[in-house]
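To start, the structure under review is shown below, and the notes come after it.
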Amino acid sequence: SFASVVDVLSGEIAVGSEITVRGWVRTRRDSKAGISFINIHDGSCFDAVQAVVPSEVDNYQSEVVKLTTGCSVAVTGTVAESAGQGQAFELQATKVHVYGWVEDPDTYPMSPKRHSMEYLREHAHLRTRTNVTGAVMRVRNCLSQALHRFFHEQGYLWVSTPIITASDAEGAGEMFRVSTLDMMNIPKKDNGQIDYAQDFFGKEAFLTVSGQLNVESYACSLSKVYTFGPTFRAENSNTSRHLSEFWMVEPEVAFADLNDIAGLAESMLKYAFKAVLTERADDMAFFQQRIDSGVIDRLQQVIEQDFVHMDYTDAVEILQNCGKKFEYPVAWGTDLQSEHERYLAEVHVGAPIILKNYPKDIKAFYMRQNDDGKTVAAMDVLAPGIGEIIGGSAREERLDVLDARLDEMQLPKEQYSWYRDLRRYGTVPHAGFGLGFERLVTYVTGMQNIRDVIPFPRAPKSADF
Ligand code: 4AD
Ligand code: MG
């Protein structure tokens with residue numbers, strides 16, 4: 001029967017059982033005594049399993065000793081306790097089938113040496129063959145499953161919100177336009193150029209920047225909901241923390257206020273960190289050893305401590321008086337730059353921090369105004385090494401206040417008419433947030449660049465594959 005590498009290495013399969021493992025060759029080594037040791041990985045866990053292949057195997061001379069890194073194989077044999085150090089179990093092979101050879105092993109892009117992350121990005125279709133990208137993708141999967149489990153256990157409904165939309169959820173004008181290019185009937189302007197202005201079957205449409213507005217409408221009837229899907233930002237940011245296409249987890253809760261969702265964010269993150277430390281201990285040990293020596297302790301500490309809450313106004317004072325020279329000056333009313341966010345999280349608290357009650361002028365139109373008339377009930381969760389990983393708020397549920405804000409910001413009321421309906425028919429206080437999923441994966445793994453934690457990164461000038 002067939003088995004995964006993890007089944008063999010975990011001891012799930014009884015010693016003496018005959019099984020077949022299928023995967024890719026990581027390394028091959030031949031002993032003088034006419035035995036080959038082949039390490040095979042299949043993505044099911046960090047480690048590869050060692051197959052011990054004796055020269056009695058039929059195709060030993062013709063094939064086995066020619067195997068190179070990246071070849072795909074099926075190895076049949078008996079599970080045995082391993083004499084060597086490292087692994088408890090190995091496979092005593094009786095048969096080796098080669099599915100596919102590696103053409104010209106000398107130029108195989110994933111040769112078994114250490115490659116730079118930039119190089120791996122240029123080979124995004126093959127980089128999951130490496131230890132590092134394999135580990136990232138298993139951790140990414142674990143986090144995503146854990147988040148779904150968390151919300152499910154808390155009684156939330158998962159809502160699939162649309163990717164094609166007419167509304168600008170952030171009101172920041174950073175949307176990609178969607179075209180229906182009917183090649184037989186391309187809309188043309190008078191000057192003969194393609195008319196992209198009205199092109200979703202005759203209407204303007206965009207890729208969503210956030211599922212929030214749609215998920216709000218579900219919260220205002222189903223009470224506790226969340227969306228988890230891809231979102232798009234047409235901002236020309238070439239940094240290690242920005243993507244043009246990223247995934248967001250957005251819970252939205254009726255009858256909740258700012259502190260309720262701050263608490264939700266804290267328990268959600270702790271739940272996800274616990275899951276990854278127990279379920280992906282193998283990959284986390286690798287990140288600790290090779291990428292970031294503090295990564296496991298850091299997560300452990302976050303799980304054990306209460307999050308620090310701080311008002312924006314107090315944060316500005318701390319930043320102004322901390323004696324550190326920042327590239328951008330800090331003044332009440334200006335948005336915090338990543339250097340400020342990182343100072344607060346890394347130096348001032350040394351852990352994730354929840355900043356609350358920002359000036360209304362630097363935040364989106366939908367955030368609920370506080371009684372002081374100057375600030376809104378917003379929160380950001382800032383993490384050491386990364387800065388903002390979560391942004392959220394209480395939502396403005398009062399129609400008159402919302403309308404005044406839309407006018408003030410010169411946003412078109414027609415575009416938000418359905419959103420305003422929610423305030424006209426049985427409005428309720430509600431609040432929610434968005435977790436940048438790739439920022440979370442970056443934080444958890446200790447990876448340096450957000451482009452290395454999503455399968456095929458999309459960023460300005462990078463949409464290959
Ligand atoms: O702060 P943002 O823009 O908030 C919203 O979109 C709200 N509508 C969410 C809500 O309340 N439901 O984005 C939320 C998070 C940020 O904190 C950040 O982690 C991530 O999304 N994010 C990005 N991640 C990668 N690349 C980008 N360009 C990102 N922009 C935002
Ligand atoms: Mg934000």
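Starting from 1, each residue takes its place in the sequence as its number. Whatever order the structure lists them in is the order used to number ligands and atoms, beginning at 1.
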Practice task
For the residue pair Tyr366 and Gln212, confirm or rule out a side-chain donor-acceptor distance under 3.5 Å.
Solution key: yes
- Describe, in one word, how the ring planes of Phe326 and His340 are oriented to each other, choosing from parallel (under 30°), tilted (30 to 60°) and perpendicular (over 60°). perpendicular
Donor-acceptor side-chain pairing of Asn370 and Thr375 below 3.5 angstrom: yes
In this structure, atom 18 (C) of ligand 1 is nearest to the protein heavy atom Arg439 NH1, 3.5 Å
The answer for which part of Phe433 has a heavy atom under 4.0 Å from ligand 1 is backbone
Logged contact type for His242 with ligand 1, heavy-atom cut-off 4.0 Å, is both
key: Aromatic ring pairing His123/His125, orientation class (parallel under 30°, perpendicular over 60°, tilted between)   = parallel
Determine whether Arg280 and Asn141 satisfy the following criterion, side-chain hydrogen bond (donor to acceptor under 3.5 Å, both in side chains), listing intermediate values before the conclusion. CA-CA 10 Å; Arg280 291 268 48 110; Asn141 169 69; over 6 Å; no
- [ ] Fit a plane to each ring of Tyr156 and Tyr226, take the angle between them on a 0 to 90° scale, and name the class: parallel (under 30°), tilted (30 to 60°) or perpendicular (over 60°).
- [x] perpendicular
The protein heavy atom nearest to atom 20 (C) of ligand 1 is Gly436 CA, 3.5 Å
Exercise. With a 3.5 Å cut-off and no angle check, do the side chains of Tyr328 and Glu339 form a donor-acceptor pair?
Worked result: no
- Task: Check whether the side chains of Ser393 and Arg395 place a donor and an acceptor atom closer than 3.5 Å, and report yes or no.
- Result: yes
of all protein heavy atoms, closest to atom 4 (O) of ligand 1 is Glu170 OE1, 4.0 Å
Atom 16 (C) of ligand 1 has as its nearest protein heavy atom Glu388 OE2, 3.2 Å
Closest to atom 13 (O) of ligand 1 among protein heavy atoms sits Arg233 NH2, 3.7 Å
Asp42-Ser44 side chain donor-acceptor pair, cut-off 3.5 Å:
yes
Candidates Glu252, Arg395, Glu438; heavy atom nearest atom 11 (O) of ligand 1 found on Arg395
One finds that the ligand 1 atoms under 4.0 Å from a non-hydrogen atom of Arg241 are 25 (C), 26 (N)
With heavy atoms and a 4.0 Å threshold, my read on which part of Tyr366 contacts ligand 1 is side chain
- Query: Can a salt bridge be assigned to the pair Asp452 and Arg127 using a cut-off of 4.0 Å between side-chain N and carboxylate O?
  - Reply: yes
Near the Mg ion (ligand 2) (protein N/O/S, cut-off 2.8 Å, waters excluded) we have Glu388 OE2
If we number the atoms of ligand 1 from 1 as shown, the ones under 4.0 Å from a heavy atom of Glu235 are 28 (N)
Residue, atom and distance of the protein heavy atom nearest atom 31 (C) of ligand 1 read Phe246 CZ, 3.5 Å
Practice item. In plain terms, say whether Arg405 and Asp361 are close enough for a salt bridge, that is, a side-chain N and a carboxylate O under 4.0 Å apart. Key: yes
Checking heavy atoms under 4.0 Å, the part of Val215 that sits near ligand 1 is neither
CG (Leu440) and CZ (Arg140) are apart, to the nearest 0.5 Å, by 10.0 Å
- Message: Which label fits Trp24 and His41: parallel for a plane angle under 30°, tilted from 30 to 60°, or perpendicular past 60°?
- Response: tilted
Please report whether the ring centroid of Phe232 lies less than 6.0 Å from that of Phe176.
no
min-distance protein heavy atom vs atom 15 (C) of ligand 1 -> Gly434 O, 3.6 Å
Looking only at distances, can you tell me whether any N or O atom of Ile389, backbone or side chain, sits closer than 3.5 Å to an N or O atom of ligand 1?
yes
Hey, is Phe437 one of the residues with a heavy atom under 4.0 angstrom from ligand 1? no
Nearest non-hydrogen protein atom to atom 26 (N) of ligand 1, with distance, is Leu243 N, 2.9 Å
